[in-house]
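Down below is the structure, laid out as structure tokens.
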Amino acid sequence: MTRRQTEPDVAPPRPLASRGTAVHQAADHSGGEPDFTMAPTVRLAAAQRAVSAAVAEAERLSVDVCVAAADSSGHLMAFARMDRAPLLCTQLAQDKAYSVSSFGGLPTGEWWRLLESEPALLHGIVKTDRLVVFGGGVPLVAEGRTVGAIGVSGGSSEQDVRIAEAGAAAVS
């Protein structure tokens, strides 16, 4: 598969269009600030490249994993389950990517450091659907902005992080 040089790995912000062809700006009710922001997000080709790079690293480490790449909103873009990866890891990999995207690029391995001295927060936040608070989810970053995330599950926390970082490096 060849990559066209003219298309960036990150989808640029698009103007919002109404039913017709006219594009409308948000009303400015705050003295200079628009009512919405447009955020870049990873494109399919880059998400697939990240998953492929992660799988290659997992093969090099002889670890069978599941790998999920999500866009900046946490929606699944690309996924792979290695032949002997545990089935339970399918959802965990997706949830790791979702967790990173949902919290602005915070790697899942950073959560424990933030929670360990806050018992009330620790016991409350772990009940949040799809939140994973251990290693294996890292942001996909392009031009200094989080454009998505990659989640890996199936190895140790350290292996999952290493594999995820190899995948993320294929995008940035």
Side-chain angles (χ1 to χ4, degrees), residues 10-11 13 29-30 33-42 46-47 49-82 84-172:
V10 178
H29 300 289
S30 61
E33 293 290 322
D35 288 343
F36 61 86
T37 61
M38 302 296 264
T41 193
V42 69
R49 195 168 58 253
V51 169
S52 293
V55 168
E57 180 68 8
E59 288 171 341
R60 198 177 73 65
L61 296 174
S62 298
V63 179
D64 293 312
V65 297
C66 292
V67 182
D71 66 13
S72 59
S73 297
H75 299 291
L76 185 65
M77 293 289 294
F79 178 80
R81 178 175 171 253
M82 295 175 70
R84 290 176 299 280
L87 189 57
L88 181 62
C89 295
T90 300
Q91 191 62 49
L92 279 171
Q94 291 177 49
D95 288 349
K96 287 179 183 185
Y98 177 83
S99 294
V100 173
S101 289
S102 296
F103 284 92
L106 180 68
T108 58
E110 299 282 323
W111 275 98
W112 181 251
R113 180 180 54 78
L114 298 173
L115 297 174
E116 64 184 332
S117 63
E118 298 282 343
L121 182 58
L122 172 63
H123 293 290
I125 202 158
V126 295
K127 293 177 175 40
T128 303
D129 286 343
R130 301 193 67 191
L131 175 65
V132 178
V133 298
F134 49 89
V138 300
L140 297 177
V141 178
E143 298 178 6
R145 295 185 70 181
T146 299
V147 296
I150 188 166
V152 175
S153 182
S156 67
S157 183
E158 293 79 19
Q159 289 169 325
D160 288 353
V161 169
R162 184 170 170 179
I163 294 165
E165 287 174 345
V171 173
S172 43

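Proximity of Val65 to Gln159: side-chain heavy atoms (C-beta onward) are nowhere separated by under 4.5 Å. For the pair Thr108/Val100, a side-chain contact is recorded, criterion being any heavy-atom separation below 4.5 Å from C-beta on.
The two residues Ala97 and Ala68 come nearest to each other via the heavy atoms CB-O, 3.7 Å. Minimum heavy-atom separation, Asp64 to Arg84: OD2-CB, 3.2 Å. Contact detail for Leu76 and Gln94: the closest heavy-atom pair is CD2-OE1, 3.9 Å. Minimum interatomic distance between Thr146 and Ser72 (heavy atoms only, all atoms of both residues): O-CB, 4.4 Å. Counting all heavy atoms, side chain and backbone alike, Ala50 lies closest to Leu140 at CB-CD2, 4.3 Å.
If you take CE on Met77 and OG1 on Thr41, they are separated by 6.5 Å, rounding to the nearest 0.5 Å. Of the inter-residue distances, the one linking Ile163 atom CD1 with Arg60 atom CZ reads 9.5 Å to the nearest 0.5 angstrom. For the atom pair CD of Glu118 and CD1 of Ile125, the computed distance is 11.0 Å after rounding to the nearest 0.5 Å. The line from OG1 of Thr90 to CG of Leu87 is 5.0 Å long, rounded to the nearest 0.5 Å. One finds the CZ atom of Phe103 at 10.5 Å from the CG atom of Leu114 (value rounded to the nearest 0.5 Å).
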Using a 3.5 Å cut-off and no angle test, enumerate the donor-acceptor pairs between side-chain atoms of residues 130-137 and protein atoms at least two apart in sequence or in another chain.
unit_1, atom_1, unit_2, atom_2, d
Arg130, NE, Asp95, OD1, 2.7
Arg130, NH2, Asp95, OD1, 3.3

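Under a 3.5 Å cut-off, the side chain of Ser101 and the backbone N or O of Asp71 do form a donor-acceptor pair. Distance alone, capped at 3.5 Å, places no donor-acceptor pair between the Ser153 side chain and the Cys66 backbone.
Under a cut-off of 6.0 angstrom, the local environment of CD in Glu143 is sparse, with at most 12 non-hydrogen atoms contributed by other residues, nucleotides or ligands.
Between Glu165 and Arg162 there is no salt bridge, since none of the side-chain N atoms of the basic residue sits less than 4.0 Å from a carboxylate O of the acidic one.
Applying the side chain to side chain contact (heavy atoms under 4.5 Å, CB included) test to Glu59 and every residue at least two apart in sequence or in another chain returns Val55, Met82.
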